[in-house]
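This report concerns only the one structure given below.
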Amino acid sequence: MTKGSLTMPPRGLPPCRMALLGMLLGLLASCFTFCLSHQNPQFALTSPEKSGIKEAERKETTAEEELDSEVLEVFHPTHEWQALQPGQAVPVGSHVRLNLQTGAREVKLQEEDKSRSNLKALKKGKRLDINTNTYTSQDLKSALAKFKEGAEVESSKEDKARQAKVKRLFRPIEELKKDFEELNVVIETDMQIMVRLINKFNSSSSSLEEKIAALFDLEYYVHQMDNAQDLLSFGGLQVVINGLNSTEPLVKEYAAFVLGAAFSSNPKVQVEAIEGGALQKLLVILATDQPLPAKKKVLFALCSLLRHFPYAQQQFLKLGGLQVLRSLVQVKGTEVLAVRVVTLLYDLVTEKMFAEEEAELTQETSPEKLQQYRQVHLLPGLREQGWCEITAHLLALPEHDSREKVLQTLNALLATCRDRYRQDPQLSSTLANLQAEYQALATLELQDGEDEGYFRELLGSINSLLKELR
């Protein structure tokens, strides 16, 4: 065979068989060419030319319109190839092929998900057969019209039912307003309520019970900082301060109760109170003979006014506040007040100490607040007024909580009162007795598994104070 030969006959075949094989191949090629040239367009294997696309689409549309008026038998394909009979409708998404051996069209299901095929068909604008039953186009149009009409009717019924339910559950705002007017119910802001309470308290026609009730309700509102400051805007604070001059002890008590709540951590109100003469009035009540409940509330108001307000502390010392408190705690039966006074003194001493330490840490030599604290000469006044001895004698109180607060104050005054403590034999005896008592209680705490108990802390304070006094 030459180098340019296209085929190479099989070796070993006789020449006669080679000739016969060649004839058969030639005959098969001729038949295949003839079939392609005379094929039915319905069984074409290749796509029509571009020039015939529009004609084919027109024929397909005409055929679909004709089929719409006929009843078509739907073919149900499977995953195996099946022959398609004439007049049978093929579901969208099926796989169709032409069998060259039999000349028949065969159909089977696509391998991909049927829903995806249906979606593709919808996007292309083709018909989608979603029911296995046979329907004409007129049946489908009639059913669609009835469906839309029924949906509108059902929607209208649902809306009416929902509106009826809402009307049963809720009432119009006009009706609610009318009912509130009939009941004389008025929605008030905190400011309006406070104005009404002040007017009730300040009215000469109000009874004592009504005035006390007004002050009691007012105390609830002035706990809020904004409300307490609003009390200044219409003069309500001064009205309450003037209530401290009342001859009724209950009015003094509840007026002081309101003031104590308003003063607490509220600098703006504290300043207005000092300017309104509240400090003098509070000290007068504490220095005169008044019921114990009234003095409790007045002492509460005084503590709220003095804390974190160095200017008020200066005025307190100038007005003889330490002498007033000393007289108060020395009265028999006022031990409860004595513990509160000692707690106030401890807070004032430590407050000044913390302000000075903070100034040293921030390296500020002359901040305004520090300058004000430096003008408060509290420790020398306590020493001069005999508070070293008064505080030491309060250590004999029976309550553990009271002893704890007295011990705190004794330690805070240690630098000022050390020599006075050492000269007081009663203090040394009291500390020794308390040391033995709390040693036993601390041992019980350890037995109960409490490594850092309450009594161990008290014992530590006593031991520290004894160590300093040796």
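Note that the structure is predicted; figures quoted are calculated from it, not measured.
- To the nearest 0.5 Å, atom CG of residue Leu279 and atom CD of residue Gln313 are 11.0 Å apart.
- A donor-acceptor distance shorter than 3.5 angstrom exists from the side chain of Ser327 to the backbone of Gln323, with no hydrogens or angles considered.
- Annotation: Phe354, atom CZ; neighbour count of heavy atoms from other residues, nucleotides and ligands within 6.0 Å does not exceed 12.
- With values rounded to the nearest 0.5 angstrom, Ser264 atom OG is found 8.5 Å from His308 atom NE2.
- Looking at every heavy atom in both residues, Val339 comes nearest to Ser402 through CG2-OG, 3.5 Å.
- How far CG of Leu305 is from CG of Leu259: 9.0 Å, rounded to the nearest 0.5 Å.
- For the residue pair Glu404 / Tyr454, a side-chain donor-acceptor distance below 3.5 Å is found, with atom types taken as modelled.
- Rounding to the nearest 0.5 Å places CG of Leu413 at 10.5 Å from OH of Tyr346.
- Formation of a donor-acceptor pair under 3.5 Å by the Asp448 side chain with backbone atoms of Glu450 is not found in this model.
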Exercise. Decide side chain to side chain contact (heavy atoms under 4.5 Å, CB included) for Thr416 and Trp387; before the verdict, give the C-alpha distance in whole Å, the side-chain angles of both, and the deciding distance to 0.1 Å.
Key: CA-CA 10 Å; Thr416 303; Trp387 280 98; over 6 Å; no
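- Side-chain atoms of Val298 and Leu302, non-hydrogen and from C-beta on, never get closer than 4.5 Å to each other.
- Taking both residues in full, the closest heavy atoms of Leu459 and Ala442 are given as CD2-CB, 4.2 Å, listed atom of the first, atom of the second, then distance.
- Using modelled atom types, no side-chain atom of Asn227 and backbone atom of His223 make a donor-acceptor pair closer than 3.5 Å.
- Formation of a donor-acceptor pair under 3.5 Å by the Ser304 side chain with backbone atoms of Phe300 is found in this model.
- Using a 4.5 Å cut-off on side-chain heavy atoms (C-beta onward), Asp419 and Arg383 make contact.
- Considering only heavy atoms from C-beta on, His400 comes within 4.5 Å of Leu441 through its side chain.
- Relative to the six-membered ring of Trp81, Arg97 meets both conditions, a distance below 6.0 Å and an angle of at most 45° to the axis.
- Under the 4.5 Å side-chain criterion, counting only non-hydrogen atoms from C-beta, Val271 is not in contact with Pro267.
- In this structure, Gly243 and Ala255 approach most closely via the heavy-atom pair C-CB, 4.2 Å.
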Quiz item: What do the steps show when you test Glu437 against Arg403 for salt bridge (Lys or Arg N to Asp or Glu O under 4.0 Å), and what is the final call?
Solution: CA-CA 12 Å; Glu437 179 182 350; Arg403 293 173 181 175; 3.2 Å; yes
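- Using a 4.5 Å cut-off on side-chain heavy atoms (C-beta onward), Lys165 and Arg162 make no contact.
- With rounding to the nearest 0.5 Å, the separation of CZ in Arg374 from NZ in Lys369 is 14.5 Å.
- Side chain of Ser461 to backbone of Leu407: no donor-acceptor contact under 3.5 angstrom is found.
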Exercise. Would you sort out whether Lys352 and Asp347 count as a salt bridge (Lys or Arg N to Asp or Glu O under 4.0 Å), showing the intermediate values?
Key: CA-CA 9 Å; Lys352 182 178 179 180; Asp347 292 341; over 6 Å; no
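- Proximity of a side-chain donor or acceptor of Asp424 to a complementary backbone N or O of Arg420 within less than 3.5 Å is not detected.
- When Leu410, Leu427, Val329, Leu382 are each tested for a side-chain contact (heavy atoms from CB on, under 4.5 Å) with Thr391, only one passes: Leu410.
- For the side-chain contact (heavy atoms from CB on, under 4.5 Å) criterion with Val258, the lone passing option out of Leu237, Ile241, Leu218 is Leu218.
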Practice problem: Show your reasoning for whether side chain to side chain contact (heavy atoms under 4.5 Å, CB included) applies to His95 and Val107. | Solution: CA-CA 6 Å; His95 189 185; Val107 184; over 6 Å; no
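- Side-chain atoms of Gln238 and Asn242 include a donor-acceptor pair closer than 3.5 Å.
- A salt bridge does not link Glu468 with Arg422: every distance from a Lys NZ or Arg NE/NH1/NH2 to an Asp or Glu carboxylate oxygen is 4.0 Å or more.
- Taking all atoms of both residues into account, the shortest heavy-atom contact from Ala228 to Asn266 is CB-ND2, 3.5 Å.
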Practice problem: Verify side chain to side chain donor-acceptor pair (under 3.5 Å) between Thr78 and Gln82, making sure each step is shown before the conclusion. | Solution: CA-CA 8 Å; Thr78 63; Gln82 301 182 60; 2.8 Å; yes
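- Of all heavy-atom pairs spanning Tyr421 and Leu414, the tightest one is CD1-CD1, 3.8 Å.
- Look at Arg456 and Glu445 and you find no salt bridge, because none of the NZ, NE, NH1 or NH2 atoms lies under 4.0 Å from a carboxylate O.
- Taking 4.5 Å as the limit, some side-chain heavy atom of Leu337 sits within range of a side-chain heavy atom of Leu292.
- Residues Arg307 and Glu351 are not paired through a salt bridge, judged by the lack of any N-O separation under 4.0 Å between the basic side chain and the carboxylate.
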Exercise. May I have the step-by-step check of side chain to side chain contact (heavy atoms under 4.5 Å, CB included) for Leu215 and Glu219, ending in yes or no?
Key: CA-CA 6 Å; Leu215 290 173; Glu219 187 271 340; over 6 Å; no
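- Side-chain contact between Leu378 and Leu322: present, with at least one pair of heavy atoms (C-beta onward) separated by less than 4.5 Å.
- Counting heavy atoms from C-beta on, the side chains of Ile198 and Leu231 come closer than 4.5 Å.
- Each of Val336, Leu299, Leu394 was compared with Val341 under the side-chain contact (heavy atoms from CB on, under 4.5 Å) criterion, and only Leu299 meets it.
- Under a 3.5 Å cut-off, the side chain of Lys252 and the backbone N or O of Ala294 do not form any donor-acceptor pair.
- Remark: side-chain polar atoms of Gln314 are not paired, donor with acceptor, to backbone N or O of Val376 under 3.5 angstrom.
- At distances below 3.5 Å, at least one donor-acceptor pair connects side-chain atoms of Ser233 with backbone N or O atoms of Asp230.
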Quiz item: Would Gln435 and Leu431 count as a side chain to side chain contact (heavy atoms under 4.5 Å, CB included) if you check the C-alpha gap in whole Å, the side-chain angles of each, and the deciding distance to 0.1 Å?
Solution: CA-CA 6 Å; Gln435 185 182 35; Leu431 288 174; over 6 Å; no
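- Ring geometry, Phe257 versus Tyr254: the interplanar angle exceeds 60°, so the pair is classed perpendicular (tilted spans 30 to 60°).
- At a threshold of 4.0 Å, the pair Lys108-Glu80 does not count as salt-bridged, since none of the basic side-chain nitrogens sits closer than that to a carboxylate oxygen.
- With sequence neighbours left out, Lys405 forms a salt bridge (Lys or Arg N to Asp or Glu O under 4.0 Å) with Asp401.
- For residues 251-311, no pair satisfies disulfide bond (SG atoms under 2.5 Å apart), with sequence neighbours left out.
- The structure places NZ of Lys296 at 11.0 Å from OG1 of Thr334, a figure rounded to the nearest 0.5 Å.
- Of all non-hydrogen atoms in Leu232 and Glu272, the two that sit nearest each other are CD1-CG, 3.6 Å.
- In this structure, Thr288 contributes its side chain and Ile285 its backbone to a donor-acceptor pair below 3.5 Å.
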